[in-house]
Structure formats: C-alpha cells, structure tokens
Amino acid sequence: MNEAAFTTLESQRLLLRHFEESDLLPFLAYLDDPLVARYQSWESYTEQQAKDIIQKQLDLDPGMPGQWFTFAVELKATRVLAGHVALKMQDHQQAEIGFTFSREHQAKGLACEAARCVLDYVFTKLELHRVIAFADCENERSVALLNRLGMRREGHFIQNIWFKGRWGDEYLYAILREEWLPQRA
C-alpha cells in the first residue's frame with residue numbers, strides 16, 4: 001500500500017481536501033438539514049458535534065484501518081463546501097464509502113463526480129482490493145448513484161437495522177479494483 005500523505009484530489013468541478021475549521025458553518029448547515037439527514041444515522045447535529053468531527057479529521061489521512069476519513073468536497077468555481085465523501089478502512093485491503101451533500105448541491109452529479117475521485121484514489125494510490133457501500137432501500141438517489149458508479153448489488157438485508165424508530169432494509173453494494181480500473185479507462 002502506498003503510504004504517501006493525502007493532500008487533495010481534483011475533478012472537473014470539484015476539489016476534495018481535508019476539512020478546515022472554516023468549514024464549520026456550511027458543514028453544520030447540511031448535517032442539520034432534516035431532508036439531508038433523512039437516510040442518515042443522525043437526526044440533527046449540534047455545533048459542538050460538527051466542530052468535533054472537523055477537529056478529529058484535521059490530523060487524519062485516508063487509509064488508516066478502522067478510521068473514517070472524510071473528504072471535504074468543495075466547488076472549484078466558488079470555493080463553497082458542497083458536501084463530503086467518507087471512507088472507512090476495514091483493513092489494509094477493503095473499505096466502505098459513503099457520501100452526504102447539501103440539499104442545494106444534490107441532483108447535479110456532484111456526488112458521483114466526488115465518489116469517482118475517491119474510488120480512483122483508493123484503487124490506484126491506496127491499491128485497495130474492494131470497496132463496499134450500504135444504502136437504505138428507500139433512498140432511490142443513493143441506489144442510483146451506486147449503480148452509476150458501476151458498483152454491484154451484493155446483498156439485500158431485510159429489517160437489519162433499527163433506524164429512526166423502525167426497522168429498515170439496506171442494500172449492500174461492492175466493487176473490486178479489477179472491475180474499477182478497466183471502467184475508468
């Protein structure tokens with residue numbers, strides 16, 4: 001595995017970088033939006049909770065087993081924080097990916113563009129073998145995004161998670177390095 005420290009990733013419209021303390025208010029705004037949180041594990045966030053996440057992320061780099069690394073996703077044209085892509089290393093060969101974007105930056109292809117950057121990074125720089133993702137079965141946008149990324153649905157878990165006062169169903173998606181690399185060419 002390549003141990004080079006993470007700096008930034010770039011796509012046509014986006015800059016993926018470490019979170020900064022100046023991200024607090026836009027980060028908190030979308031975390032605390034009930035429509036953004038609808039399919040997430042949280043209901044709302046306090047300013048202190050958002051501040052704690054940013055502080056913890058300042059000293060992390062992607063690729064540390066057992067740790068979530070959160071890529072801040074900034075629009076290059078305006079320098080506005082649009083959302084984030086999170087990556088949790090399960091071990092040195094596998095990781096889980098997730099994404100959250102502010103409501104005003106959804107349905108514009110930004111999450112797909114950012115997730116592609118992260119998948120490209122983890123399969124080429126970190127040389128991972130496999131990346132998985134979970135999606136609430138009712139979250140049609142997330143399911144569509146995982147399909148657009150070329151991820152394969154490997155599981156359908158029925159009432160496997162107690163979620164916001166009721167049992168929820170989830171899909172498990174995955175993609176292998178050997179599947180991703182030809183797709184990106």
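Remember, it's a predicted structure, so these values are computed and weren't measured experimentally. Nothing fancy with the numbering, it's 1 onward along the sequence.
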Has [X] got a side-chain atom pairing as donor or acceptor with [Y]'s backbone, closer than 3.5 angstrom?
X: D32; Y: A29; answer: no
X: K125; Y: D120; answer: no
X: K76; Y: E10; answer: no
X: Q49; Y: T46; answer: yes

Looking only at non-hydrogen atoms, find the nearest pair between [X] and [Y] and report the distance.
X: L16; Y: C117; value: CD2-CB, 4.1 Å
X: G150; Y: I175; value: O-CD1, 3.6 Å
X: A72; Y: L81; value: CB-CD1, 3.8 Å
X: A95; Y: L87; value: CB-CD1, 3.7 Å
X: Y39; Y: K164; value: N-NZ, 4.4 Å

Check step by step if side-chain contact (heavy atoms from CB on, under 4.5 Å) holds for M89 and M64.
CA-CA 6 Å; M89 297 295 294; M64 297 175 63; 5.6 Å; no
Residue pair Y30 / H105, side-chain donor-acceptor N/O under 3.5 Å:
no
Between the side chains of Q93 and E127, is a donor N or O closer than 3.5 angstrom to an acceptor N or O?
no
Is it true that, when you exclude R152 itself, more than 12 heavy atoms of the residues, nucleotides or ligands shown sit nearer than 6.0 Å to its CZ?
yes
Enclosure of E47 CD (heavy-atom neighbours >12, cutoff 6.0 Å):
no
Straight-line distance of [X] [atom1] to [Y] [atom2], nearest 0.5 Å:
X: H84; Y: Q57; atom1: NE2; atom2: CD; answer: 9.0 Å
X: I53; Y: L58; atom1: CD1; atom2: CG; answer: 12.0 Å
X: H156; Y: D169; atom1: NE2; atom2: CG; answer: 4.5 Å
X: E170; Y: E138; atom1: CD; atom2: CD; answer: 11.5 Å
X: Q40; Y: Y45; atom1: CD; atom2: OH; answer: 9.0 Å
X: D33; Y: T100; atom1: CG; atom2: OG1; answer: 11.5 Å

Summary of side chain to side chain donor-acceptor pair (under 3.5 Å) pairs that have at least one residue in residues 139-151, sequence neighbours excluded:
Q106-R141
Less than 4.5 Å apart, side chain to side chain, heavy atoms only: is that true for [X] and [Y]?
X: F6; Y: L126; value: no
X: V143; Y: M151; value: no
X: Q55; Y: E21; value: yes
X: L24; Y: I54; value: yes
X: I132; Y: I97; value: no
X: H92; Y: L128; value: no
X: V131; Y: V122; value: yes
X: I161; Y: D136; value: no

Quick one, L176 with H129, criterion side-chain contact (heavy atoms from CB on, under 4.5 Å). Give me CA distance, side-chain angles, the key distance, then yes/no.
CA-CA 6 Å; L176 301 173; H129 170 67; 3.7 Å; yes
Chi angles and distances behind the side-chain contact (heavy atoms from CB on, under 4.5 Å) call for L119, L149
CA-CA 9 Å; L119 288 171; L149 291 170; 4.3 Å; yes
Quick one: salt bridge (Lys or Arg N to Asp or Glu O under 4.0 Å) pairs with a partner in residues 106-118, sequence neighbours left out?
R13-E113
With a cut-off of under 6.0 Å to the ring centre and 45° to the axis, is R177 in cation-pi contact with F123?
no
Could you check whether the rings of W162 and W167 sit parallel, tilted or perpendicular, using 30° and 60° as the cut-offs?
perpendicular
Under 30°, 30 to 60°, or over 60°: which ring-plane class applies to F19 and F27, parallel, tilted or perpendicular?
tilted
Presence of salt bridge, R79 and E74, under 4.0 angstrom:
yes
Indicate yes or no: does R130 engage E154 in a salt bridge with an N to O separation below 4.0 Å.
yes
Given the rule that I, L, V, M, F, W and Y join up when any side-chain heavy atoms are under 4.5 Å apart, are [X] and [Y] in one cluster?
X: F101; Y: L75; answer: yes
X: W68; Y: W42; answer: no
X: F157; Y: L146; answer: no
X: L31; Y: V85; answer: no

What verdict does the ring pair (Phe, Tyr, Trp, His ring centres under 6.0 Å) test give for H18 and F71, after you've listed the backbone C-alpha separation in whole Å, the side-chain angles of each residue and the deciding distance to 0.1 Å?
CA-CA 6 Å; H18 280 94; F71 297 85; 8.4 Å; no
Should F134 and Y173 be marked as a ring pair (Phe, Tyr, Trp, His ring centres under 6.0 Å) after you check the CA-CA gap, both sets of side-chain angles, and the distance that decides it?
CA-CA 6 Å; F134 289 94; Y173 281 81; 9.7 Å; no
